[in-house]
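Comments concern the structure below.
Computed from a predicted model, the values in this text were never measured in an experiment.
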Amino acid sequence: MPNELRLGVNIDHVATVRNARGGAYPDPVRAAKIAEEAGADGITAHLREDRRHITDGDIEALMEALTLPLNFEMAATDEMQAIALRHKPHAVCIVPEKREERTTEGGLEVAREENRLAHFIAPLREAGCRVSIFIAADQRQIEAAHRIGAEVVELHTGAYCDAHAEGRFDERDAELGRIAEMATFAHELGLEVHAGHGLTYDCVQPIAALPELVELNIGHYLIGEAIFLGLEASIREMRRLMDAARA
Ligand code: PXP
């Protein structure tokens, strides 16, 4: 199994800071360029229905300026599908946006919506986008993601990170065990396995050490640390920790 673990840097919260004032800065495209220099393998951006951070113009500018692959996170709506089909990013990650689309663990409820999602992702795949589904580490959801034709699943690490941050170490370890078991299960089904949400310097390494994972998507913490360290140093440190966990 290859030892390489890709880092996708999520730049949404650069846009959050920009939008707090309006105007043009800080610029998410500039952040993406710095991320590339700091060792990111891809850029992730979530165009939310309410455009609370990333805007349509950001997606356009990223598609134009990026040399790294763009992982376009979006809800399974007609509007977002049309935008994805217009830009044809390298990857599309389908995420829940409304409460009723979520499982209790926070991933997309694929199992209940299999038919609709199968039809939803088919044109994206035909357009050449790699389709990923953001789900809880749950066997039912993984099987459903596989059946609808997704090539990638991204396992939700939020509950693991929260349990770590709040000192609930038994729960954290149980959650890590579940993610490990489901990463193996998904890999054996032939799915590419990613993970993300809530990862920090403190909790990334046990996740990064899971051999089936090929990509982590990390955003909020990196942008927060950038306030203290600068963005390049913030990302480099995450990269170093991930590589050390794999070594
Ligand atoms: N992966 C997915 C699918 C996400 O929706 C997000 C949050 O936008 C992330 C990863 C990154 O999470 P965080 O910003 O907490 O690192």
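- Both Ile94 and Leu47 are members of a single hydrophobic cluster when ILVMFWY side chains are connected at heavy-atom separations under 4.5 Å.
- Rounding to the nearest 0.5 angstrom, the gap separating the CG atom in Leu191 from the CD atom in Glu154 is 13.0 Å.
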task: Using the side-chain contact (heavy atoms from CB on, under 4.5 Å) rule, take His194 and Val214 through it: C-alpha gap first, then chi angles, then the decisive distance, then the call.
output: CA-CA 6 Å; His194 301 176; Val214 303; 3.6 Å; yes
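- The residues Arg48 and Glu73 are annotated as not salt-bridged, no charged nitrogen and carboxylate oxygen being separated by less than 4.0 angstrom.
- Tyr201 is listed as a side-chain neighbour of Met238, based on a closest heavy-atom distance under 4.5 Å.
- The two residues Val92 and Pro89 make their nearest non-hydrogen contact at CG2-CG, 3.9 Å.
- Atoms CZ and CD, from Arg86 and Gln81 in turn, are 12.5 Å apart once rounded to the nearest 0.5 Å.
- A distance-only check finds a donor-acceptor pair linking the side chain of Glu101 to the backbone of Glu97 [under 3.5 Å].
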- request: Walk me through it: do Phe185 and Glu143 pass the test side-chain contact (heavy atoms from CB on, under 4.5 Å)?
  value: CA-CA 9 Å; Phe185 178 74; Glu143 286 169 339; 3.5 Å; yes
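- Taken together through direct or relayed side-chain contacts under 4.5 Å among Ile, Leu, Val, Met, Phe, Trp and Tyr, Val14 and Val17 form parts of separate hydrophobic clusters.
- Between Lys33 and Glu37 there is no salt bridge, since no side-chain N of the basic residue sits under 4.0 Å from a carboxylate O of the acidic one.
- Residues Glu181 and Arg178 are not paired through a salt bridge, judged by the lack of any N-O separation under 4.0 Å between the basic side chain and the carboxylate.
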task: Let me see the working for Glu36 and Thr67 under side chain to side chain donor-acceptor pair (under 3.5 Å), right down to the final yes or no.
output: CA-CA 9 Å; Glu36 180 167 9; Thr67 43; 2.8 Å; yes
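- Listed here is the closest heavy atom pair of Ala111 and Arg140: CB-NH2, 3.4 Å.
- Enclosure of atom CZ in Phe169 by more than 12 non-hydrogen atoms of other residues, nucleotides or ligands within 6.0 angstrom is indicated.
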Show me the donor-acceptor pairs, under 3.5 Å and distance only, between side chains in residues 117-132 and residues at least two apart or in other chains.
from   : atom 1 : to     : atom 2 : distance (Å)
His119 : ND1    : Asn115 : O      : 3.0
Arg125 : NH1    : Gly149 : O      : 2.6
Arg130 : NH2    : Glu192 : OE1    : 2.6

Would you tabulate the side-chain donor-acceptor contacts of residues 156-165 under 3.5 Å, counting partners in other chains and residues two or more places apart, or write 'none'?
from   : atom 1 : to     : atom 2 : distance (Å)
His156 : ND1    : Gly158 : N      : 3.0
Thr157 : OG1    : Gly196 : O      : 2.9
Thr157 : OG1    : His197 : N      : 3.2
Thr157 : OG1    : His197 : O      : 2.7
Tyr160 : OH     : Cys203 : O      : 2.7
His164 : ND1    : Arg172 : NH1    : 2.9

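- In this structure a side-chain-to-backbone donor-acceptor pair under 3.5 Å is missing from Arg18 to Ile54.
- Ion pairing between Arg239 and Asp41 holds under the 4.0 Å rule for side-chain N and carboxylate O.
- For Ala183 against Leu213, the heavy-atom pair with the smallest separation is CB-CD2, 4.4 Å.
- Other residues, nucleotides and ligands contribute only 12 or fewer heavy atoms inside 6.0 Å of the CD atom of Glu64.
- Put simply, CD1 on Ile218 and CG on Leu7 are 5.5 Å apart, with the number rounded to the nearest 0.5 Å.
- Checking side-chain atoms of Ser234 against main-chain N and O of Leu222 turns up a donor-acceptor pair under 3.5 Å.
- Cluster annotation: Met74 and Val152 are assigned to distinct hydrophobic clusters (Ile/Leu/Val/Met/Phe/Trp/Tyr, side-chain heavy-atom contacts under 4.5 Å, transitive).
- When the shell of 6.0 Å around NE2 of His220 is examined, it contains 12 or fewer heavy atoms from other residues, nucleotides or ligands.
- One distance of note links OG1 of Thr16 with CD1 of Ile223; it measures 9.0 Å at 0.5 Å rounding.
- Atom CZ of Arg102 sits about 15.0 Å away from atom CD1 of Ile135, to the nearest 0.5 Å.
- Closest non-hydrogen pair, Glu49 versus Ala75, comes out as OE2-CB, 3.8 Å.
- Among all heavy-atom pairs drawn from Leu199 and Tyr221, the shortest one is O-CB, 3.4 Å.
- No side-chain donor-acceptor contact under 3.5 Å links Glu225 to the backbone of Leu231.
- Under a hydrophobic clustering in which Ile, Leu, Val, Met, Phe, Trp and Tyr are joined whenever their side-chain heavy atoms come within less than 4.5 Å, directly or via other members, Phe134 and Leu108 fall into different clusters.
- Put simply, the side chain of Asn19 gets close to the backbone of Arg52: a donor and an acceptor are under 3.5 Å apart.
- More than 12 heavy atoms of other residues, nucleotides or ligands shown are found within 6.0 angstrom of CZ on Arg6.
- Heavy-atom neighbours of Arg30 CZ from other residues, nucleotides or ligands within 6.0 Å: at or below the threshold of 12.
- Residues Gln141 and Glu109 have side chains that bring a donor and an acceptor to within less than 3.5 angstrom of each other.
- One finds a salt bridge joining Glu79 and Arg51 here, because a Lys/Arg side-chain nitrogen approaches an Asp/Glu carboxylate oxygen to under 4.0 Å.
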From CA spacing to verdict: side-chain contact (heavy atoms from CB on, under 4.5 Å), Ile142, Asp138: CA-CA 6 Å; Ile142 293 168; Asp138 175 315; over 6 Å; no
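- Taking 4.5 Å as the limit, some side-chain heavy atom of Leu216 sits within range of a side-chain heavy atom of Val204.
- Nearest heavy atom pair, residue Ala15 against residue Pro28, reads CB-CG, 4.0 Å.
- Interatomic distance, Glu237 CD to Met242 CE, rounded to the nearest 0.5 Å: 12.0 Å.
- Side chains of Asn10 and Thr44: no donor on one and acceptor on the other come within 3.5 Å.
- Hydrophobic clustering (side-chain heavy atoms under 4.5 Å, transitive across Ile, Leu, Val, Met, Phe, Trp, Tyr) keeps Val95 apart from Met182.
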